[in-house]
Amino acid sequence: MQFLRKQFPVMLAFVMGMTMFIREFVPAKFSERLYYGFTNWAIVITGFAAVFAILSLLHHHMNKVRRRAQGYGYSVITILAFIQMIILGLVFSVEPRTPAGWEYQWMFVPMQATMFATLAFFIASAAFRAFRARTWEALALLIAGLIVMIGRVPIGEYISTHLGTFADWIMNNPNMAGFRGIVLGVALAQVAIAVRIIFGIERTYMGGGD
Amino acid sequence: MGYLLKGHKPMRNLIRLATLIIILACLCSLPAIGQETGAEVPDKPAAAGEPGDAEEAGPEALEDADIVIGMEPAGEEEASAVEVPLPSQVTVGDLPNDDGTAVYLTWDAFPQETSDVTYTVYLAESRDGPWFEAVSFPANEEYMEEYGHYFPGFFWFQKARHPKSRHVVIVEDVRIGEFNRTGEEIMLPEPVGFTIEPNVGPKNEDGEPIEPGVIDELTGEEVVSQKFVEVEPRKVGTMFLKLTSTVNGETATYPEILEVGARQNWFDTGRLNVLIFAVLFGATVLYFIARARRDPDLFIRKISGLDAVDEAIGRATEMGKPILYLNGMSSLADLPTLAALNILGRVARRVANYESKLTVPCRDPIVLTVAQEIVKAGYADAGRPDAYNADDIFFLTEDQFSYAAAVCGIMMRDKPAANFFMGYYYAESLILAETGASTGAIQIAGTDAPTQLPFFVTTCDYTLIGEELYAASAYLSREPLVLGSLKGQDMAKVFMMFMIVVGTLLMTFGVNFVKDLFKALG
Amino acid sequence: MDKERKPSFVERFLQMDRRIIYTLVALAVAIPLLFPMGLPIKVTPEVRSVYDTIENLPAGSNILMSVDFDPASQPELYPMMKSVMRHVVRKGHKLAITVLWPNGVNLAAQCIEELKLEFPEWTNTVDYVFLGYQVGGAIVIMSVGNSFSETFPKDYYGQSTAGMPIIKEFNKLGEADYMVMFEAGNSGDWWIVYGTEVHDVPVAGGVTAVVAPQYYPYLQAKQLNGIIGGLKGAAEYEKLTEVPALATSAMDSQSMVHALIFVAIVLANIFALMLVAEKRRRAQEGR
Amino acid sequence: MLNLAILLQAESELLPWQQSMADFFFSDGMVTLGTWIAAGLTLFMFSFVYKDNPLFRFGEHLYLGISAGYLMSLYFFNNMKPKFFYPLMPFLDVSGDTTLNLWVLIPGILGLFIIFRLIPGWGWLSRITFAFYIGGFTGITLPKVLNGLLLPQFYATIDRIPYMVTSWDELVLLINALVLFVGALSVLVYFFFSVEHRGFVGGVSRVGIYTLMIAFGASFGYTIMARVSLLIGRMQFLMFDWIGEEIVGRIAVLFHGG
């Protein structure tokens, strides 16, 4: 039992990790089958986890209703919206000509687009507060930001015709250099964490204790 | 970078290790390479072709469109054998590094080639035909050079040696059938059994449309609009190839009929460098982890975002407000999420000590379950398993903006004193961080998503940039093993920078081979 | 020391409530939409080339349009499509419209409805045919090389295309005098490779700003006759046709928001510097 | 208008009741109702940038329920049905493409382990699932990181420095090459963890910080236009699709005094 709880998961992670790693270097047919087999299995596992997740969501909101927590009425909305949607969805499917599809069309999509559009407000206020030359670093941020921002709209041309060209230069040179450095570092860190997981050195994800 | 080496000799060990690995890798890949470099692979790269007099001019329009499947090309060959340049040094072989679905054919190019000469490859199931046109193209196209990545050779970077003086044709996994007008696939009516695409793609090498579809005898209407006929070399077993060259309608055929079969390959030599670097970096990390076990006293530079973690948790406790922790928008198949969960473990431990509440809304079902397990373990480690409440780590939805809206709702109503945004984010990052900033919370973000970093950097109090996200769990835990891994990463970085400097210098003076070491082919 | 002092305008500006910024942004977007200002727009040669081609074709020429985008790209491509279509209608050309992206059909249908209001005498089946959507992507393109009426046996409205007056003169890609495609992805590559190059039809692309870079090489290779890129291109076209509409106002909105943010940032920095100078001066005086 | 379904066109065979349901949901009345609901919800969701309020809370909770329900249904139809239920019960698949495949019981059991977390004392079983899932994906990711991230970036960073300068253009090329080379290297130095950032390393890492800041600023400024486009799109929906171009136009004329 102790073996199943402690050693077995670590061994399983090692075997799975090594198999999938080596698979990448084998061009033969079975290698591809292994890949799709694994990802399909992962999809099934996620499906079960989704049931657990939904129970968690419902439990969270039921709890609020039961405790009559402040604003529990809104939790009722979530629960009702979820239940009607999943029933309609599973019974009539989710295509556009069905009730679920109609709700998707006229509720889901506009709310999604609106949340996305709020970014215009946030980006403006973030720019206003962050683009201050408090330090030399902030000054670099400020100048690069202003040039690229204004170089992309027609009014930039009225300030200087070279502004657009310079904005492109910043995007293609210093900007690219910075992100290249980040990506190189991240890639190395990812190799390191992957190796730690495969070799069972990093096992936070398995929890601890019993 | 001498000071990096002070006190120990990791560099020397690294070099020893690297040499060993390279030798091993070469040895391992020898048999695999032997397979496809067999007798037939072009081993005389720069050999000039036969001095065919290829210079006959003529505004010849290529007539691919008229070639009927199953046509016998044999007729004209004798008549024109004298004038038409004959392909020479023709070899065939199994295409290396594939799953046994392709074979190839190469031959020497003529010294000067123009589009006047047309090469055509025919294919048959048996030596006696019937022959099907596989591909036809003007002689100034399809050089080995362009297809170098299919033939990585002994070392993947040898592709540079593939000459422009040889042609190559790759016969790939294809199937018999055709599209009807609505784009549906239908099978050819006649039992063809074995054919090959008249031209790869719907237009021929000249940019002309391939022959229009078949006309139905009864209705007089066009049945198909696009024909594709395909063959799967592996199923066919051995097949036979024939090569002709055509000038001004005169055709010459290479005298020999070539026999070839496709095989599955078991090692992708094109990815040898990926394997070597994976083993090299992996071994470096493991080596320094092992070292850290013996000598756990390792220096690690200050990461200000992480020094602020305790401050943030402390403040939340003082104010009696919860702490919000997000694991990012990605699933557990992504490494940043794992990094975020590792940090969550450390944060949970501290939160348990301080007796404040930790709220973790999740977007991915599996991340939810793992996060619950981690927080539970963190509380247990801190000796306060009773404080754990599974309802605080809950699922919201998988939809990006609905998730963002719900988290904003939580931020505006519960007014958490500290917000942690760790892991991978998309456009919603700014919605979260700005709303959080407006509630006055201390915000600590950490992401390796390059597109979202600017927004976190400008709106959060502290941001872990890229690699710092991965270093965070080591920094917070001070566990020697994970710290050792950081040291290993740094050593790998030194190696990389060294290679970049050397490579750039060599490139500047015209030597490309270091750069080619890093060419990812797959 | 100056606790009692009322915060100056400068300080209040620097600590401006974010909601003021939100309101200003909303206004900067909404007002130009209502009252297009028509900020001067510089017309680029690649847009002018599209305009000139349509303008200089004799009336009654055959023009093909392909609508290959979905609502996600609507803000950029819809105004462009409407503006080009309006130009085509105004010049009295014959128009055939195909759709390769399933969700583009309704956008095209809506555009036609709106233009019908502007041009009541513009008649279906005579002046234009809306062929609708057909599955198949590149296959559809190859197929329209042979015949519209066979590729699209019924049009969007369910009528049989075979007998339509317009189809008699304009029944395949090769008969088009000009083509304009609206692209949010790579279907434009198919049009060029399998369609216009094969049948030798001049073609222009109306593309989103994101995919524009991938179409410029075609322009250099003369495989495209012009490119209308993003909202800015649409605004340029509206300027050429002298009907300022959605794109012009949207471009005004863009410029206004950018100008607003720019001015706010510059002011904030000047004020912040002033504040620092002020503090330094006061500290010196206090000493 | 948002994307109405073209499904009516694409799908030929609908049962009569499906057809009438489809007709109902595409009827003008339902479209108008939909537009009004969409406009209302758009305003609800926008209201949160001002402050938290009951309308936003309503919208937020509705959105949460609907999106969770919708995506779960979608997941069921797109993933669970073809990948789990059909292989177990091939007779369910009318197309007859699926064959019996009992192997899917293994991920089924691993999935059940996760649900067993609800039973006290059985929670540890889910660790086996985590190990399987995380181990496998890590193995997949490791070579992909090298192949898709590390090597290509490495490859791109190593480049010729065109030191022979004879013209203005060549000078620009030289500067570009130097900026890329020095920028990328200095950022890498900034990420050294096991070395104190003092002296030479400190100096180089300062250059790295400046490179990063310029990159962040540029990237920030570059995104503004795209985000404003989204807001314009929403505003156009509210002002033209909902209120109607006619009315808005008239208001505009009114203010113009015409």
Side-chain angles (χ1 to χ4, degrees), chain A residues 5 9 12-13 16-17 20-21 24 38 40-41 43-45 47-49 52 74 77-78 81-82 85-86 89 94 96-97 102 104 106 108 110-111 114 116-121 123 137 140-141 144-145 148-149 152 170-171 173-175 177-178 180-181 183-185 187 190 194 197 205-206, chain D residues 5 7 22 25 34 37-38 41-42 45 49 57 61-66 68-69 73 79-80 83-84 107 110-111 114-115 124 127 131 135-136 138-140 142-143 145 149-150 153 176 179-180 183-184 187-188 191 210-215 217-218 220-222 224-225 227-228 230-231 234:
Chain A
R5 281 178 187 219
L12 184 64
M16 287 306 297
M20 300 315 279
F21 173 71
E24 192 75 16
F38 175 76
N40 280 346
W41 282 19
I43 284 170
V44 173
I45 293 175
F48 280 88
F52 181 85
Y74 296 107
I77 293 171
T78 300
F82 174 78
M85 190 61 161
I86 202 143
V94 289
R97 59 186 160 73
W102 188 85
Y104 173 77
W106 298 112
F108 187 110
M111 285 197 276
T114 310
F116 203 176
T118 55
L119 276 171
F121 297 122
I123 208 167
E137 287 98 341
L141 183 101
V148 174
M149 174 185 116
R152 285 182 35 91
I170 293 181
M171 286 308 290
N173 294 287
N175 177 62
R180 211 172 251 173
V183 168
L184 279 174
Q190 291 193 336
I197 286 170
Y205 65 89
M206 287 182 204
Chain D
L7 229 103
F25 282 109
I37 290 177
L41 292 175
T42 300
M45 297 311 274
V49 302
R57 282 185 88 167
H61 282 85
L62 181 73
Y63 187 15
L64 180 61
I66 285 185
S73 307
N79 293 320
M80 287 310 269
K83 287 180 177 144
F84 184 67
L110 289 172
I114 287 183
I115 297 183
W124 62 271
R127 271 186 218 169
T138 310
I140 289 177
L142 179 51
V145 168
L149 221 57
L150 192 66
Q153 292 292 336
N176 291 355
V179 166
L180 278 170
V187 172
L188 268 182
F191 284 124
Y210 279 105
T211 312
L212 282 178
M213 285 299 148
I214 292 172
F220 193 114
Y222 190 80
I224 294 179
M225 190 164 185
R227 301 295 184 246
V228 174
L230 297 167
L231 182 61
R234 275 288 85 186

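Values below: all heavy atoms of this structure, side chains included; hydrogens, waters and symmetry mates excluded. This one's a predicted model, so the numbers in the text were calculated from it and none came from an experiment. Below, read A as the first sequence line, B as the second, and so on, with proteins coming before strands; counting in each chain starts at 1.
Nearest heavy-atom pair across D/Met80 and A/Gly47 is SD-CA, 3.7 Å. Nearest heavy-atom pair, D/Ala184 versus A/Arg180, reported as atom, atom and distance to 0.1 Å: CB-CB, 4.4 Å.
Both the backbone and the side chain of D/Tyr63 come within contact range of chain A, each with at least one heavy atom under 4.5 Å from a heavy atom of that chain. Heavy-atom distances place the side chain of A/Ile197, and not its backbone, under 4.5 Å from chain D. Interface remark: D/Met45 contributes backbone and side-chain atoms alike to the contact with chain A (heavy atom separation under 4.5 Å). With a threshold of 4.5 angstrom between heavy atoms, A/Glu24 approaches chain D through side-chain atoms but not through N, CA, C or O. At a 4.5 Å heavy-atom cutoff, the contact between A/Met171 and chain D is made by side-chain atoms alone.
With chain D as the partner, the residue from A/Ile170, A/Val183, A/Val148 showing the most heavy-atom pairs under 4.5 Å is A/Val148. Contact count versus chain A (heavy atoms, under 4.5 Å) is highest, among D/Leu110, D/Thr42, D/Asn79, D/Leu212, for D/Thr42. Ranking A/Ala140, A/Ala120, A/Gly185 against chain D, the residue ahead of the rest is A/Ala120, based on heavy-atom pairs under 4.5 Å. Per-residue counts of heavy-atom pairs under 4.5 Å with chain A were compared for D/Ile66, D/Leu150, D/Leu149; the largest is that of D/Ile66. Among the candidates A/Ile43, A/Leu12, A/Ile86, A/Thr118, the residue making the largest number of heavy-atom pairs closer than 4.5 Å to chain D is A/Ile43. Counting heavy-atom pairs closer than 4.5 Å to chain A, the top-ranked of the candidates D/Gly183, D/Gly69, D/Pro143, D/Pro107 is D/Pro107. Options D/Gly221, D/Ala131, D/Ala68 differ in how many heavy-atom pairs under 4.5 Å they form with chain A, and the most are formed by D/Ala131. In terms of heavy-atom pairs under 4.5 angstrom with chain A, the leader among D/Leu142, D/Leu188, D/Thr211 is D/Leu142.
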Assess whether side-chain contact (heavy atoms from CB on, under 4.5 Å) is satisfied between A/Phe116 and D/Arg234, documenting all intermediate values. CA-CA 10 Å; A/Phe116 203 176; D/Arg234 275 288 85 186; over 6 Å; no
Hey, mind stepping through A/Thr114 and D/Leu41 against side-chain contact (heavy atoms from CB on, under 4.5 Å) and telling me if it holds? CA-CA 9 Å; A/Thr114 310; D/Leu41 292 175; over 6 Å; no
Show your reasoning for whether side-chain contact (heavy atoms from CB on, under 4.5 Å) applies to D/Leu180 and A/Asn173. CA-CA 6 Å; D/Leu180 278 170; A/Asn173 294 287; 4.0 Å; yes
Working for side-chain contact (heavy atoms from CB on, under 4.5 Å), residues D/Ile140 and A/Phe38: CA-CA 10 Å; D/Ile140 289 177; A/Phe38 175 76; 3.7 Å; yes
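Applying the 6.0 Å contact sphere to OH of D/Tyr210 captures more than 12 heavy atoms from other residues, nucleotides or ligands.
Expressed to the nearest 0.5 Å, how far NE2 of D/His61 lies from OG1 of A/Thr78 amounts to 4.5 Å.
The aromatic rings of A/Phe48 and D/Phe84 lie perpendicular to each other, with more than 60° between the two planes, well past the 30° mark.
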